[in-house]
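Basis for what follows: all heavy atoms, side chains included, without hydrogens, waters or symmetry-related copies. Numbering of ligands and ligand atoms starts at 1, following listing order.
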Amino acid sequence: MESERQSPTDAETDAGEETTPDLKDLGFAPSNGWNAVYVDGEWRAQGDRAGLDVVDPTTRVAVGTIPAGTDEDVDAAYAAAESAQREWADRTPEERASVVAAARELVGKYHEEFAHLFAVECGGARLKADIELDLTTGTMAVAEELADAADPTDTEERESAVEGKRNLVFREPAGVVGIISPWNFPLYLSMRAVAPAIALGNAVVLKPSTHTAIVGGLALASLFEEAGLPDGVLNVVTGEGSAIGETIAGHPAASVVSFTGSTEVGRKVGGAAAEQLSTPALELGGNNAHIVTAEADLDRAVDGGVFGSFTHQGQECISINRHLVHESVYDEYVERLAERASELPVGDPRDEAVLVGPVQNASQFETIRDLVEQSVEQGANIESGGEFDDWFVEPTVLSGVENDMPVAAEEHFGPVAPVISFSDIDEAVALANDTEYGLSGSVHCEDAERAIDIARRLDTGMVHVNDQPLNDDPNVAFGGVNASGIGRYNAEWIVEELTETRWISVQEEAREYPF
Ligand code: NAD
């Protein structure tokens, strides 16, 4: 069964200028275009820096250039952030929240243009763009409410063990926050750190992924500039992680280093931050299991399985990486999942009917193909999909998969659904936990209490009962255990990461010392 799709060659011809749009024309583009870093409120043009292509994944054609920022740019960005931070922290929480609110309203105003940018720069389908824009405005709205959480005048009194002592405990912003973000949900994953950092009175140096430097970085600078953020509070330096990433992560001016990306790079970033005694907040990879028990409502399990595996081509840290299905329903589940996968519209994400676009880059495409091919060589069967064409991967369902086959053992990050059979819950739990990761997961069982018991046994930060792992809620702690990261995002949990708690005590009566 093959999904119909518009080939990239057709897309180039049919879509004409749409395929290689001038990104300078977006309503929120800076007047001289995107080929600049943003430091201390200035768009500093590429100049004699090297340039990096902005590539449209559907056509694999370069549609723009961004500067390969240098260590000097990073130093300048941190210097600007350090000098702007104190004055920004001294603004009232209401003033800080109102700037974030103004930026949030601009995300709404430019919704359609953002959707277009997502298609061109990320290969993201319209549905995914809408989901990401909703998450972005959601995290900004919560950040606005957090703005007074780091008000040094808002002190809490704590009882003292010493007679006559008054304890004052309060929070203040951590200072300067270095943020490194990935390409898969670039606007949201940058914003979930940038918005609370700014609302709480920090200043920021942001390095977006090179693959999505506009929507994950420069666009945020542009939004906050239009929203009236003072110069230097948000600085964006584009460039290769291998060239400037370590300077961002290991910079002495950073109080916190927030990183979202792969576990491999996260280990390096965490090490560089720890060397400076900066707080590392690390959101890393996942290998999420979707467990379908014998008592599952199969309609709901399949619905969740399709959404959790194929949304944004499976390119989320919280996508389903493995389907673990009880042997009694295995054949039916595989058949239904394969049928649904084969019906998904694949093609150019500028077509609003398309649900599955290209994967984002060449290395991503090659990794997914290699993992599938190696697993098929080891005995997995292709039940649907399995076609690899330029950067398009047909939604692929694999049966007969074992937990140690490459496509199951590694984070494949593609529109691929490996289905593994289990015979009892102990085996399902053991299979799910047999990974270094511990990010998200899901359990299907009509008895929700029984499902919760299974969920508690999964060694992950998050589990969703009778749903699928792809959930993020701005009011709830988001994060993983083990090799999936350190720390939590959203609401009061991100406040912990981005502030320092301080203690001032006042000895109000003369104290009796022992000598
Ligand atoms: P990546 O680790 O390759 O890159 C992430 C960022 O790190 C990019 O900005 C990149 O330029 C930068 N970078 C690369 N090398 C660096 C270095 N040596 N020092 C400092 N920075 C460096 O990840 P990716 O391919 O962009 O994203 C996919 C990965 O991110 C997957 O593993 C996915 O699971 C993970 N992810 C996790 C979450 C989460 O919330 N846990 C969310 C999204 C993605």
Closest protein heavy atom (residue, atom, distance) for atom 27 (O) of ligand 1:
P182 CB, 3.5 Å
For P57, is there any backbone N or O sitting under 3.5 Å from a side-chain donor or acceptor partner on N361?
no
Kindly assign one of parallel, tilted or perpendicular to the pair Y188 and F185, based on the angle between their ring planes and the thresholds 30° and 60°.
perpendicular
Assess K268 against F259: is NZ or CZ under 6.0 Å from the centre of the six-membered ring, and within 45 degrees of the ring's axis?
no
Return the minimal non-hydrogen interatomic distance between W43 and A221, and the atom names on each side.
CH2-CB, 3.8 Å
Which of the numbered atoms in ligand 1 are below 4.0 angstrom from a heavy atom of L439?
41 (N)
Closest to atom 35 (C) of ligand 1 (judged by heavy-atom distance), picking from S242, G261, G285, G239
G261
Counting only heavy atoms not in E275, do more than 12 fall under 6.0 Å of its CD?
no
Measure across E132 and L187 and return the closest heavy-atom pair with its distance rounded to 0.1 Å.
OE2-N, 2.9 Å
Nearest neighbour of atom 42 (C) of ligand 1 from the list C317, S440, G479, on a heavy-atom basis:
C317
Shortest reach to atom 3 (O) of ligand 1 by a heavy atom, considering only A213, G241, S262
S262
Below 4.0 Å, non-hydrogen atoms only: which portion of F413 touches ligand 1? Side chain, backbone, both or neither.
side chain
Show the atoms of ligand 1 that are less than 4.0 angstrom away from any heavy atom in N184.
43 (C), 44 (C)
Would you mind listing which atoms of ligand 1 come within a distance below 4.0 Å of any non-hydrogen atom of T260?
5 (C), 37 (C), 38 (C), 39 (C), 40 (O), 42 (C), 43 (C)
Is S484 in polar range of ligand 1, meaning some N or O pair under 3.5 Å apart?
no
Any idea which protein heavy atom is nearest atom 41 (N) of ligand 1, and the distance to it?
L284 O, 2.7 Å
Would you say Q85's side chain and G201's backbone share a donor-acceptor pair under 3.5 angstrom?
yes
Short list, please: which atoms of ligand 1 are under 4.0 Å from a heavy atom of R192?
39 (C), 40 (O)
Kindly indicate, with the supporting measurements, whether the criterion ring-ring contact (aromatic ring centres under 6.0 Å, His included) is fulfilled by F28 and Y110.
CA-CA 7 Å; F28 51 92; Y110 297 126; 5.3 Å; yes
Is E113 atom CD crowded by more than 12 heavy atoms from other residues, nucleotides or ligands, each under 6.0 Å away?
yes
As an exercise, identify every atom of ligand 1 less than 4.0 angstrom from a heavy atom of L189.
42 (C), 43 (C)
How does P208 reach ligand 1, by side chain, by backbone, by both or by neither, if only non-hydrogen atoms under 4.0 Å count?
backbone
List the closest protein heavy-atom neighbour of atom 16 (C) of ligand 1: residue, atom name, distance to the nearest 0.1 Å.
V265 CG1, 3.4 Å
So for Q360, does at least one of its heavy atoms come nearer than 4.0 angstrom to any atom of ligand 1?
no
Nearest heavy-atom pair of V346 and P395: which atoms, and what distance?
CG2-CD, 3.6 Å
For ligand 1, does E264 get within less than 4.0 Å through its side chain, its backbone, both, or neither, judged by non-hydrogen atoms?
neither
If we only consider heavy atoms of F259, is any one of them less than 4.0 Å away from an atom in ligand 1?
yes
Heavy-atom distances under 4.0 Å are what count here, so tell me which part of A272 touches ligand 1: side chain, backbone, both or neither.
neither
I'd like to know whether R322 forms a side-chain hydrogen bond (donor to acceptor under 3.5 Å, both in side chains) with N287, so could you lay out the CA-CA distance, the side-chain angles of the two residues, the decisive distance to 0.1 Å, and finally the verdict.
CA-CA 7 Å; R322 296 168 291 160; N287 183 347; 2.8 Å; yes
May I ask whether S181 has any heavy atom positioned less than 4.0 angstrom from an atom of ligand 1?
yes
Under a 4.0 Å heavy-atom limit, does I248 contact ligand 1 with its side chain, its backbone, both, or neither?
neither
Is it the side chain (CB and beyond), the backbone, both or neither of I318 that lies under 4.0 Å from ligand 1, heavy atoms counted?
neither
Quick one: look at E283 and ligand 1, take heavy-atom pairs under 4.0 Å, and tell me if it's side chain, backbone, both or neither.
both
Which atoms from ligand 1 have a heavy atom of G245 less than 4.0 Å away?
19 (N), 20 (C), 21 (N)
Between ligand 1 and F478, can you find any atom pair, the residue atom being a heavy atom, that is separated by under 4.0 Å?
yes
Do me a favour and list the nearest non-hydrogen protein atom to atom 12 (C) of ligand 1 with residue, atom name and distance?
I180 CG2, 3.7 Å
Looking only at non-hydrogen atoms, which of E411, Q315, K207 approaches atom 11 (O) of ligand 1 most closely?
K207
Identify the two heavy atoms, one from L337 and one from G305, that lie closest to each other, and give their separation to 0.1 Å.
CD1-C, 4.0 Å
Counting each atom of ligand 1 from 1 as listed, which ones have a heavy atom of S209 under 4.0 Å away?
8 (C), 9 (O)
Note: E496-R488 ion pair, threshold 4.0 Å (strictly below):
no
Any N/O pair W183/ligand 1 closer than 3.5 Å:
yes
Note: R267, heavy atoms under 4.0 Å from ligand 1, region reported as neither
Any salt bridge linking R60 with D56? Criterion: basic side-chain nitrogen under 4.0 Å from a carboxylate oxygen.
no
For ligand 1, does T263 get within less than 4.0 Å through its side chain, its backbone, both, or neither, judged by non-hydrogen atoms?
neither
Between R49 and D73, is there a salt bridge with N-O shorter than 4.0 Å?
yes
Strictly distance-based, threshold 3.5 Å: is any side-chain N or O of N475 a donor or acceptor partner for the main-chain N or O of A491?
no
Does the ring centre of F118 sit less than 6.0 Å away from the ring centre of W183?
no
